[in-house]
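Structure record follows, encoded as structure tokens.
Throughout, a chain's letter reflects where its sequence line sits, starting with A, and its residues are numbered from 1.
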There are 2 protein chains.
Amino acid sequence: MSGLLGRHEFQIDAKGRVSLPSAFRRAVSAHPLVLLQWQPTHLDLFPRETWNEIRKNLLAHRKAQRDGGAYLRGITSNSFEIEPDTHGRIRIPGWLRERAGLEDTVLFVGALDRIELWRPDRFEAHLCEREGDDDDFAVQIFG
Amino acid sequence: MSGLLGRHEFQIDAKGRVSLPSAFRRAVSAHPLVLLQWQPTHLDLFPRETWNEIRKNLLAHRKAQRDGGAYLRGITSNSFEIEPDTHGRIRIPGWLRERAGLEDTVLFVGALDRIELWRPDRFEAHLCEREGDDDDFAVQIFG
DNA sequence: ATTCATCCCATCGTATCCCATTGAATCCCA
DNA sequence: TGGGATTCAATGGGATACGATGGGATGAAT
């Protein structure tokens, strides 16, 4: 598989449901997903494999630090397990929608091992803002 | 399973009962849970698996330290076995409620292998207070 | 006898399931 | 290669099941 790619804009209906892009739906098969916020700009939706890795990292971090799991709880309290319905739709809980500024439209952005959920205009702004910042890396990456 | 996730705010009724969030109820199946306080800010509710691990650690500590028994008894004396009723509700003993400042509302916070019980306003304050402290860890954990 | 916990039943609101509709992309065959 | 038929994806709405909460009744303990 090539990883999760592309952008797809979908509507949130009156009951708070959104379709997962069908391309992503096939890719993540039937397992539940984890939706959370760890960056202020958007939400991340993790397939099972990726989440297992991250969960391991979170637990290791809690053991290593002295703060009694403060970072972990900051993350998990903003997390939610997502199980698509029979039509491949998901529900985003209100408190997460607010945090990401999602109103009636969601932009799904594929990011190889995860799916990002953006407020469309915010995503455009984010791209513009960084325009040209990374030209040095480009050559290293694409040779 | 993805671990215990999310935040859920529930009322304590006139008889001192609170519903366990249904998401958590399913996750911990039918086994009894252990509720205790080991951090001043909140209470922790441990599923069977997690508690077995912790109990092992407590006993090991008592054996290893000269006055290890003191720590153990400090913990166990603030502990309580919880068994949800037929509707999935639990009762929090008064002395534990006081210690965590719980009055009429409980905020349940999922923390992967345990459930934390917070006084809602205290939790908000706790999150704000740490805002931005951990930005360095974020990249290590989430890649 | 009085207090308190447990059980049972009732209610209300919301999330979930199921079916229907629309439109677009794909397939098939001439 | 064009045009019609067919499948699939995205969305909407009604019905149903389940979750959250309240209150009365039963039973145990002091």
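- For D/dG19, the base has no donor-acceptor partner in the side chain of B/Arg26 [N/O atoms by modelled type, under 3.5 angstrom].
- In this structure, CZ of A/Phe24 is placed 11 Å from P of D/dA10, rounded to the nearest angstrom.
- Counting only residues at least two apart or in different chains, salt bridge (Lys or Arg N to Asp or Glu O under 4.0 Å) contacts with residues 95-114 of chain A comprise A/Glu103-A/Arg119.
- Note on B/Leu20: only backbone sugar-phosphate atoms sit closer than 4.0 angstrom, heavy atoms only; bases stay farther off.
- Atom CG in B/Asp13 sits roughly 13 Å away from atom P in D/dA20 (whole-Å rounding).
- Look at CG on A/Asp85: it is 17 Å from P on D/dA17, rounded to the nearest Å.
- Salt bridge A/Arg62/A/Asp67: absent, no basic N to carboxylate O contact under 4.0 Å.
- The number of heavy-atom neighbours closer than 6.0 Å to CZ of A/Arg48, taken from other residues, nucleotides and ligands shown, is 12 or below.
- On a pure distance criterion of 3.5 Å, no polar donor-acceptor pair joins the side chain of A/His87 and the base of D/dC8.
- Atom-to-atom, CD1 of B/Ile82 to C1' of C/dA5 comes out at 14 Å; the value is rounded to the nearest Å.
- The nearest whole Å value for the distance from the CZ atom in B/Arg91 to the P atom in C/dT3 is 16 Å.
- To the nearest angstrom, C1' of D/dC18 lies 16 Å from CD of A/Glu83.
- A/Ile92 has its CD1 atom 13 Å from the P atom of C/dT16, to the nearest Å.
- Side-chain contact between A/Arg73 and B/His126: present, with at least one pair of heavy atoms (C-beta onward) separated by less than 4.5 Å.
- Between B/Arg25 and D/dA20 there is a side-chain polar atom (N or O) within less than 4.0 angstrom of OP1 or OP2.
- Nucleotide C/dC12 holds its P atom 19 Å from the CD atom of B/Gln11, rounded to whole Å.
- In this structure, B/Ile12 shares a hydrophobic cluster with B/Leu4, B/Phe10, B/Val18, B/Leu20, B/Phe24, B/Val28, B/Leu33, B/Leu35, B/Leu43, B/Leu45, B/Phe80, B/Ile82, B/Ile90, B/Ile92, B/Trp95, B/Leu96, B/Leu102, B/Val106, B/Phe108, B/Ile115, B/Leu117, the cluster being traced through Ile, Leu, Val, Met, Phe, Trp and Tyr side chains under 4.5 angstrom apart.
- Closest to the side chain of A/Arg17, from the set C/dC7, D/dT21, C/dC18, is C/dC18.
- Where B/Ser19 and A/Arg89 meet DNA chain D, the nucleotide closest to each residue was compared, and A/Arg89 sits on the side nearer the 5' end.
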